[in-house]
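First the structure, in the form of structure tokens, and then the observations on it.
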Amino acid sequence: MHQLTLAEIARGLADKKFSSEELTRALLARINQLDPQINSFISVTEELAISQARAADARRAAGESGALLGAPIGHKDLFCTQGIRTSCGSKMLDNFKAPYDATVVSKLAEAGTVTLGKTNMDEFAMGSANESSYYGAVKNPWNFEHVPGGSSGGSAAAVAARLLPAATATDTGGSIRQPAALTGLTGLKPTYGRVSRWGMIAYASSLDQGGPLARTAEDCALLLQAMAGFDAKDSTSIDEPVPDYSAGLNASLEGLRIGLPKEYFGAGLDPRIADLVHASVKELQKLGAVVKEISLPNMQHAIPAYYVIAPAEASSNLSRFDGVRFGYRCENPVDLTDLYKRSRGEGFGPEVQRRIMVGAYALSAGYYDAYYLQAQKIRRLIKNDFMAAFNDVDVILGPTTPNLAWKIGAKNNDPVAEYLEDVYTITANLAGLPGLSMPAGFVDGLPVGVQLLAPYFHEGRLLNVAHRYQQVTDWHTRAPNGF
Ligand code: GLN
């Protein structure tokens with residue numbers, strides 16, 4: 001049963017081949033048996049899962065249907081879940097039980113999903129390897145010596161290991177697409193404002209966006225359908241109609257114009273990944289797509305700009321964790337300053353502290369113009385590059401990551417080396433564009449991802465292209481050895 005996709009689960013439940021409770025119990029047993037090797041969960045919510053599964057079975061028995069009714073999923077541990085620990089991968093929130101559900105969580109619950117647990121993640125979503133979690137590193141099911149990518153590494157590893165058919169995740173600079181690529185999954189980062197951020201613990205508010213991680217584009221469509229939509233509680237949520245994503249999956253790719261940015265294929269890209277990306281382009285050409293070289297000339301500035309903007313916003317967002325209102329508080333503070341200093345010093349890990357310091361510096365009087373303002377101008381140039389490119393092409397295609405999943409610990413002494421791994425994903429966040437990563441082959445037994453980008457609110461086009469590709473390839477069906 002664990003090999004079933006969400007779409008197959010929907011059919012199985014509708015045909016009464018199994019109940020949601022049976023499926024949920026089978027997956028919980030698998031999590032108990034296999035997750036100790038992978039560490040993809042921070043909390044397993046067994047009681048909640050069984051009660052939600054029973055409720056879903058009762059709704060089906062009463063005549064209700066719905067693609068996600070009774071479907072087991074996991075939530076990245078930065079989506080607030082009422083009465084259940086929401087740790088954000090940090091000691092700071094180790095004891096935090098949210099008093100409410102995030103909009104994404106409540107929308108998915110209304111659709112009938114069953115929450116099996118909260119997945120591991122880099123602390124406060126900062127990282128590309130899932131090594132900065134207070135709860136320990138997550139291992140890549142394709143090879144336990146390698147990272148699964150981050151920051152949604154727990155969601156990715158759990159889905160890749162068939163512990164879950166799908167999970168929620170978030171993407172600030174690549175954290176849905178990059179772990180999808182490194183674990184052989186399909187992951188979609190929606191347009192900024194498409195999915196509500198309410199109840200999603202903030203890292204960098206102008207970049208953060210929630211989305212689905214699953215094995216297929218078809219399953220991402222099902223999840224996005226339930227997650228997307230206007231939410232008055234999120235002031236950056238956009239009131240745009242949500243199309244029927246599943247209905248658009250099979251549209252023809254005849255005449256689809258694909259842009260290959262020359263900057264995505266330059267130095268720094270593993271040539272074995274480049275070969276697989278070109279092979280995926282050939283497949284899409286066979287389906288009728290036409291290809292054109294394009295240029296995104298300001299891409300080289302994306303990482304420096306991101307590593308000013310994201311830490312600046314993080315330093316502001318994370319100021320609320322002060323040891324007073326909620327979260328970790330140090331023992332026996334001697335005065336207020338000592339309380340702040342030690343609560344934050346003991347509650348946050350080293351990467352989070354580094355980002356807070358960089359961000360506070362970039363925002364300080366005298367440096368604001370030189371760093372933050374400058375970075376915002378670069379952001380505009382990057383957006384303009386995309387707008388110009390989308391005059392000529394319908395989607396942009398390239399590698400999701402420059403390298404394969406690296407060995408756990410390999411980049412621990414060099415944070416900048418890890419930052420550079422996001423070179424192809426970060427631009428979509430800076431511009432607010434939707435992006436998808438889909439599996440496109442293997443090198444040395446490790447998965448490789450191809451990234452597709454589209455204009456604002458064209459998530460449906462990304463899902464369509466990926467779905468058509470997945471009908472003529474089988475990379476997305478491969479499972480790691482032993483799973
Ligand atoms: N790796 C990037 C960072 O550390 C992106 C993380 C993310 O998308 N949450 O900021």
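In listed order, ligands and their atoms are each counted from 1.
Of the candidates T86, T170, N120, T119, T170 is the only one forming a side-chain hydrogen bond (donor to acceptor under 3.5 Å, both in side chains) with K76. The only member of E418, E421, E131 that meets side-chain hydrogen bond (donor to acceptor under 3.5 Å, both in side chains) when paired with K411 is E421.
Using a 4.0 Å cut-off between heavy atoms, Y419 makes no contact with ligand 1 at all. At a heavy-atom cutoff of 4.0 Å, ligand 1 is contacted by the side chain of D422 but not by its backbone. Contacts with ligand 1 closer than 4.0 Å are made by heavy atoms of both the backbone and the side chain of A125. Residue contacts with ligand 1, taken as heavy atom pairs separated by less than 4.0 Å, involve Y307 solely via side-chain atoms from C-beta onward.
Taking the six-membered ring where the residue is Trp, Y372 and Y368 present tilted rings, their angle falling between 30° and 60°.
Side-chain contact check for D385 and N298: at least one donor-acceptor pair (N or O, by modelled atom type) lies under 3.5 Å. Donor-acceptor pairing under 3.5 Å is recorded for the side chains of Y328 and E346. In summary, the side chains of S87 and D77 do present a donor paired with an acceptor at a separation below 3.5 Å, with no hydrogens or angles considered.
Of the N or O atoms in K76, none lie within a sub-3.5 Å distance of an N or O in ligand 1. Checked by distance only, ligand 1 and S128 come closer than 3.5 Å through their nitrogen or oxygen atoms. Below 3.5 Å of separation, one finds no N or O of M126 facing any N or O of ligand 1. Where the criterion is an N or O separation shorter than 3.5 Å, residue side chain and backbone included, T170 fails it with respect to ligand 1.
Each of the following atoms of ligand 1 lies closer than 4.0 Å to a heavy atom of S175: 5 (C), 6 (C), 7 (C), 8 (O), 9 (N). Of all atoms in ligand 1, listed by their number and element, those nearer than 4.0 Å to a heavy atom of R355 are 3 (C), 4 (O), 10 (O).
Taking the centre of each ring, F483 and H2 stay at or above the 6.0 Å mark. For F124 and F348, the ring centers are positioned less than 6.0 Å apart.
Of the protein's heavy atoms, Y306 OH, 3.3 Å lies nearest to atom 5 (C) of ligand 1.
Using a 4.0 Å heavy-atom cutoff, A310 is absent from the residues neighbouring ligand 1.
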